[in-house]
Amino acid sequence: MARLSLKNICKEYPNGYQAVKNFNLEIADQEFIIFVGPSGCGKSTTLRMIAGLEDISSGEFKIDDVLVNDIESKDRDIAMVFQNYALYPHMTVYDNMAFGLKLRKTPKAEIDKMVREAARILDLERLLDRKPAALSGGQRQRVAMGRAIVRNPKVFLMDEPLSNLDAKLRVQMRTEISKLHKRLGATIIYVTHDQTEAMTLGTRIVVMKDGVIQQVDSPQNLYNKPCNVFVAGFIGSPQMNFLEAECVVSGKKAELKIGDVMITLPEEKAEKLIRGKYDGKKVIAGIRPEDVTLAANNAKDNVLQCTVNVYELLGSEAYLYTESGTNQLTARVSSATDIKAGDTVTFELDTTKIHVFDKETEETITN
């Protein structure tokens, strides 16, 4: 397969709009890289520059140490799977998958062998004679992937390939793509705005905002060690709770004043706040819904009293959407709870899991 190197890649349009700014990334052979971020953050534009469908304004893009900035899309040995499948409606599944090979003047016997092998991998063998109109969304997406696989490219690019599918099919197709990656040993770059897809598929995730890379890391590290408020809020569902707080230092002890409640931080986290001279400064405290639990009756430390606005049941668990003063707090609880909207509840915060961010820069102080 292939190694990719993107150095100082920028995309600026004639009207002066910068879609991608100073993008730097090294992609190892056989990696599954995910570009994730909100709509308009530059992830699809970056993918299209890699594919050769968009010109690179400045910077260097190399595949296996060969500079490809000015090499045409068809000569980059890259296959792309689009969101809308892009199948030819008048052709059968077999002909759709074989089309690119026919253009390359590949011998007929070789085409047949490659198409049938891809059909076997994707469980499309019984559908080869059908036309796209007779297929479900998931089957069409598998055909689009089959068309990419038969080319045996150096790199697979996937631009939100599952966004047109219903929730159940998306889960199924995620599993298929993951198995496909292992089977082909392929280098895959995958664009999505769905952070669940990103967390379940990628070996590394590139989080983007406004054309700028925010963080590149493993799914686990992005979740546990976000580098700023944006990444912390974007990764995880429901998103991390952000609470307005003030840092209060006393000797080697650091506390977060949230409303009129004091939350004592563990020694390691306290040390970072003390060293950073945050005493008396406003900070943002972040905590995930699963780290907010219903307090025992006698609990007095690190507790927050909240009013429940919404109770949301999700089978085995439930989410409580609550407020405490000006702060909103979401907690994940057992569905067996009899708490309802309007109730006042006391939550205990797991202080070992609290993240603290600088109020002005929104950068992480401690995870």
Side-chain angles (χ1 to χ4, degrees), residues 1-2 30-36 43-44 47-48 50-51 53 73 77-104 106 108 110-194 196-203:
M1 287 294 164
Q30 299 187 12
E31 255 201 296
F32 197 136
I33 288 276
I34 307 271
F35 292 171
V36 71
K43 55 191 187 296
S44 286
L47 196 77
R48 289 172 67 82
I50 292 169
L53 302 175
S73 178
D77 201 8
I78 285 172
M80 194 155 179
V81 180
F82 295 95
Q83 177 181 343
N84 61 357
Y85 323 132
L87 301 177
Y88 297 106
H90 62 288
M91 290 185 187
T92 62
V93 168
Y94 183 100
D95 289 333
N96 263 289
M97 288 168 69
F99 187 70
L101 297 176
K102 286 177 182 173
L103 286 181
R104 290 179 168 194
T106 307
K108 204 170 180 181
E110 201 176 320
I111 291 175
D112 189 65
K113 182 185 170 190
M114 291 163 88
V115 168
R116 292 191 185 281
E117 173 61 13
R120 185 189 63 75
I121 289 170
L122 292 163
D123 194 23
L124 292 169
E125 290 164 297
R126 60 191 177 80
L127 304 175
L128 289 173
D129 294 330
R130 290 196 197 174
K131 289 186 177 171
L135 303 176
S136 69
Q139 288 167 338
R140 286 181 206 176
Q141 194 52 275
R142 290 213 300 275
V143 175
M145 284 177 191
R147 188 175 53 194
I149 289 168
V150 294
R151 288 181 47 196
N152 194 23
K154 285 185 176 177
V155 185
F156 288 91
L157 305 181
M158 300 187 180
D159 192 3
E160 307 211 23
L162 309 185
S163 58
N164 287 348
L165 306 180
D166 62 46
K168 187 181 175 185
L169 255 181
R170 273 207 303 273
V171 174
Q172 195 180 319
M173 285 301 294
R174 278 207 308 264
T175 310
E176 292 297 324
I177 291 171
S178 202
K179 285 196 296 194
L180 196 61
H181 175 242
K182 288 186 178 74
R183 198 176 294 161
L184 298 175
T187 304
I188 298 178
I189 304 172
Y190 187 106
V191 162
T192 181
H193 61 266
D194 182 332
T196 307
E197 261 175 51
M199 293 290 284
T200 51
L201 282 172
T203 47

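What you see is a predicted model; the values in this text were computed from it and never measured.
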Where at least one partner belongs to [range], residue pairs that pass salt bridge (Lys or Arg N to Asp or Glu O under 4.0 Å), sequence neighbours excluded:
range: residues 87-98; answer: Asp95-Lys102
range: residues 118-135; answer: Glu117-Arg120
range: residues 134-143; answer: none

Quiz item: After noting the C-alpha distance and the side-chain angles of Leu162 and Tyr190, does the key distance pass the side chain to side chain contact (heavy atoms under 4.5 Å, CB included) rule?
Solution: CA-CA 11 Å; Leu162 309 185; Tyr190 187 106; 3.3 Å; yes
Within this structure, what is the [atom1]-[atom2] distance for the pair [X] and [Y], rounded to the nearest 0.5 Å?
X: Lys179; Y: Ile177; atom1: NZ; atom2: CD1; answer: 12.0 Å
X: Ile149; Y: Leu122; atom1: CD1; atom2: CG; answer: 4.0 Å
X: Thr106; Y: Ile111; atom1: OG1; atom2: CD1; answer: 5.0 Å
X: Leu135; Y: Leu127; atom1: CG; atom2: CG; answer: 6.0 Å
X: Leu201; Y: Thr175; atom1: CG; atom2: OG1; answer: 8.5 Å
X: Phe156; Y: Met80; atom1: CZ; atom2: CE; answer: 13.5 Å

Quiz item: Of all heavy-atom pairs between Ala119 and Met97, which one has the smallest distance, and what is that distance?
Solution: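 Reported closest heavy-atom pair: N-CE, 3.9 Å.
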Exercise. Compare every heavy atom of Leu47 with every heavy atom of Ile189, then report the nearest pair and how far apart it is.
Key: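 Nearest pair, atom of Ile189 first, then Leu47: CG2-CD1, 3.6 Å.
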Quiz item: What residues, two or more places apart in sequence or in another chain, satisfy ring pair (Phe, Tyr, Trp, His ring centres under 6.0 Å) together with Phe82?
Solution: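 Residues passing ring pair (Phe, Tyr, Trp, His ring centres under 6.0 Å) with Phe82: none at all.
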Quiz item: For Glu160 and Lys43, what are the C-alpha separation, side-chain angles and deciding distance, and is it a side chain to side chain contact (heavy atoms under 4.5 Å, CB included)?
Solution: CA-CA 10 Å; Glu160 307 211 23; Lys43 55 191 187 296; 4.0 Å; yes
Please identify each residue that fulfils side chain to side chain donor-acceptor pair (under 3.5 Å) with [X], with sequence neighbours left out.
X: Arg48; value: none
X: His181; value: none
X: Glu176; value: none
X: Ser73; value: none

Is it the case that the side chain of [X] and the backbone of [Y] share a donor-acceptor pair, with hydrogens and angles ignored and the cut-off at 3.5 Å?
X: Thr203; Y: Phe32; answer: yes
X: Asn96; Y: Tyr88; answer: yes
X: Arg174; Y: Thr196; answer: no

Quiz item: Who passes salt bridge (charged side-chain N to carboxylate O under 4.0 Å, His left out) against Glu31, sequence neighbours left out?
Solution: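 Arg204.
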Self-check item: Qualifying residues under salt bridge (charged side-chain N to carboxylate O under 4.0 Å, His left out), relative to Asp77, sequence neighbours excluded
Solution: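 Partners of Asp77 by the salt bridge (charged side-chain N to carboxylate O under 4.0 Å, His left out) criterion come out as none, since no residue qualifies.
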Quiz item: Which residues pass the side-chain contact (heavy atoms from CB on, under 4.5 Å) test with Ala198, sequence neighbours left out?
Solution: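 With sequence neighbours excluded, Ala198 shows a side-chain contact (heavy atoms from CB on, under 4.5 Å) to Ile34, Val36, Thr192, Ile205, given in chain and number order.
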Quiz item: Arg151: what forms a side-chain contact (heavy atoms from CB on, under 4.5 Å) with it, not counting sequence neighbours?
Solution: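 Listed in chain order: Ala79, Arg104, Pro153.
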Practice problem: Begin from the C-alpha positions of Leu87 and Arg147 and carry the test side chain to side chain contact (heavy atoms under 4.5 Å, CB included) through to its verdict. | Solution: CA-CA 9 Å; Leu87 301 177; Arg147 188 175 53 194; 3.8 Å; yes
Quiz item: Run the side chain to side chain contact (heavy atoms under 4.5 Å, CB included) check on Leu180 and Ile121 step by step: do they pass?
Solution: CA-CA 8 Å; Leu180 196 61; Ile121 289 170; 3.4 Å; yes
